[in-house]
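Atoms within a ligand are numbered from 1 in the order they appear, just like the ligands themselves. Start at 1 with the first residue, then count along the sequence.
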Amino acid sequence: MTKQSKVTKAVFPVAGLGTRFLPATKSVPKELLPLVDRPLIQYAIEEARAAGIKEFIFVTARGKSALEDYLDHAPHLSATLQNGNKTNLLAELERIRMPSGAVAYARQDEPRGLGHAVWCARHLIGNNPFAVILPDDVIAGPTPCLQQMVEAHGECGGNLVAAMEVAPEMVGSYGILDAMPGQGRLSAVKGMIEKPSPDSAPSNLAVVGRYILDPAVLDQLSKQTIGAGGEIQLTDAIAAEIGRSGVHGYRFKGQRYDCGSKAGYLRATVAFALERPDLRDDFQACLASIAKPQVAAV
Ligand code: G1P
């Protein structure tokens, strides 16, 4: 197992159809759905930047061109804001502006699974360890999750996946780890299985959408092995590296919101709004006024 710490590229698989949010996602990529006023993808990008990522690789698909516009500089919009003296908004656009040449796109031509999506970016990834961020999983906390993982990866090298315990009845929605008892937040992984049935799951320790991967995983993905749900699974390719480049799970510190589900997305919206100094008081009053009639009816 080699120790590696320099992780400068991140892959963002954003080709999914977002069917759980139809009809909204009929024309709006789900990654552009906002939590308050920032799209989901923005949280993922900021987490990556905080972790030292310099190259941002988006795996897109047909119907996702609004994402490319979002990530682009918008000179006309900036000029309009400038003329209108909207300095705060202008500053926000400048803050999120991506450096020239930092963004690259690969296209997933067929919906063949997460593993296939990552593999579609192989020529852009090259030969160094790289991060994968699933924007559906929004993780809040004082130290961004990927930053914690980059530090942990400096210790363990190989492949590192973010992990958290989930309710036993939910294991069928995740990649599940069979991990050795760990020291601190890191545990060596001896097995992993994508979306097991609750009776065949080795534990309830689930993979959450943050990975630091050895490029050997791309060679595993090249085998195009079909896994759970008839798709090429990233979990299977990482599992094939157990005993080779090695796999660890990392129990991150932070609150994860599953923004791929409606309830998780709404929960994140409320939590993020309550964190915002400019909204907190008004929003709290709103919530209280919505909650009141229900209390009265009980
Ligand atoms: C994907 C991965 C799964 C992981 C999950 C985390 O599943 O395949 O291993 O546990 O993300 O959110 P999906 O949610 O795309 O079905």
Side-chain angles (χ1 to χ4, degrees), residues 10-21 25 29-31 33 40-41 43-44 47 58-61 64 108 110-121 131-140 145-146 149 159-179 187 189 191-198 200-213 217 220-221 224-242 247-252 254-265 267-268:
V11 178
F12 301 79
V14 291
L17 290 174
T19 45
R20 280 194 263 180
F21 285 89
T25 46
K30 74 170 168 177
E31 298 77 15
L33 297 178
L40 290 176
I41 195 69
Y43 293 91
E47 186 179 326
F58 296 86
V59 181
T60 66
K64 296 282 183 158
Q108 187 183 22
E110 289 176 284
R112 297 181 64 196
L114 177 60
H116 180 256
V118 171
W119 182 75
C120 285
V132 175
I133 297 189
L134 309 187
D136 273 3
D137 282 329
V138 175
I139 304 176
C145 181
L146 191 64
M149 289 177 70
N159 300 281
L160 186 60
V161 300
M164 66 179 257
E165 253 108 30
V166 296
E169 66 274 16
M170 294 304 292
V171 292
S173 302
Y174 295 92
I176 297 294
L177 299 178
D178 185 1
S187 307
V189 170
M192 35 197 312
I193 167 161
E194 180 69 11
K195 304 198 169 76
S197 61
S200 65
S203 75
N204 64 336
L205 187 60
V207 177
V208 170
R210 303 289 183 276
Y211 307 77
I212 296 179
L213 300 178
V217 168
Q220 299 293 351
L221 289 170
Q224 312 254 313
T225 311
I226 305 296
E231 295 188 334
I232 299 171
Q233 296 293 351
L234 186 58
T235 298
D236 296 342
I238 300 169
E241 283 297 305
I242 295 170
V247 182
H248 283 80
Y250 178 79
R251 289 180 173 80
F252 59 93
Q255 173 71 47
R256 174 251 186 180
Y257 297 94
D258 173 13
C259 292
S261 79
K262 283 176 201 156
Y265 173 75
R267 191 160 169 259

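With respect to atom 11 (O) of ligand 1, the closest heavy atom belonging to the protein is Leu134 CD1, 3.3 Å. Of the protein's non-hydrogen atoms, Lys195 NZ, 3.7 Å is the one closest to atom 13 (P) of ligand 1. For atom 10 (O) of ligand 1, the nearest protein heavy atom (residue, atom name, distance) is Val207 O, 2.6 Å. Closest to atom 8 (O) of ligand 1 among all protein heavy atoms lies Glu194 OE2, 2.7 Å.
Glu231 and His116 share no side-chain donor-acceptor pair at under 3.5 Å.
Contact record, Gly227 with Asp236: CA-OD2, 3.5 Å, taken as the closest heavy-atom pair.
Residue Arg256 approaches ligand 1 through these ligand atoms, each under 4.0 Å from one of its heavy atoms: 12 (O). Interface atoms of ligand 1 facing Gly175, defined by a heavy-atom separation under 4.0 Å, are 3 (C), 4 (C), 9 (O), 10 (O). Listed by number with element, the atoms of ligand 1 under 4.0 Å from a non-hydrogen atom of Thr235 are 9 (O). Distances below 4.0 Å separate heavy atoms of Asp137 from the following atoms of ligand 1: 6 (C), 12 (O).
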>> side chain to side chain contact (heavy atoms under 4.5 Å, CB included), that's the test. Do Ser187 and His248 meet it? Break it down for me.
In response: CA-CA 5 Å; Ser187 307; His248 283 80; 5.9 Å; no
> Does the pair Val14 and Lys30 meet the rule for a side chain to side chain contact (heavy atoms under 4.5 Å, CB included), with working shown?
Replying inline: CA-CA 8 Å; Val14 291; Lys30 74 170 168 177; over 6 Å; no
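The backbone N or O of Val166 lies less than 3.5 Å from a partner atom in the side chain of Asn204, making a donor-acceptor pair.
Aromatic ring centres of Tyr257 and Tyr265 lie farther apart than the 6.0 Å criterion allows.
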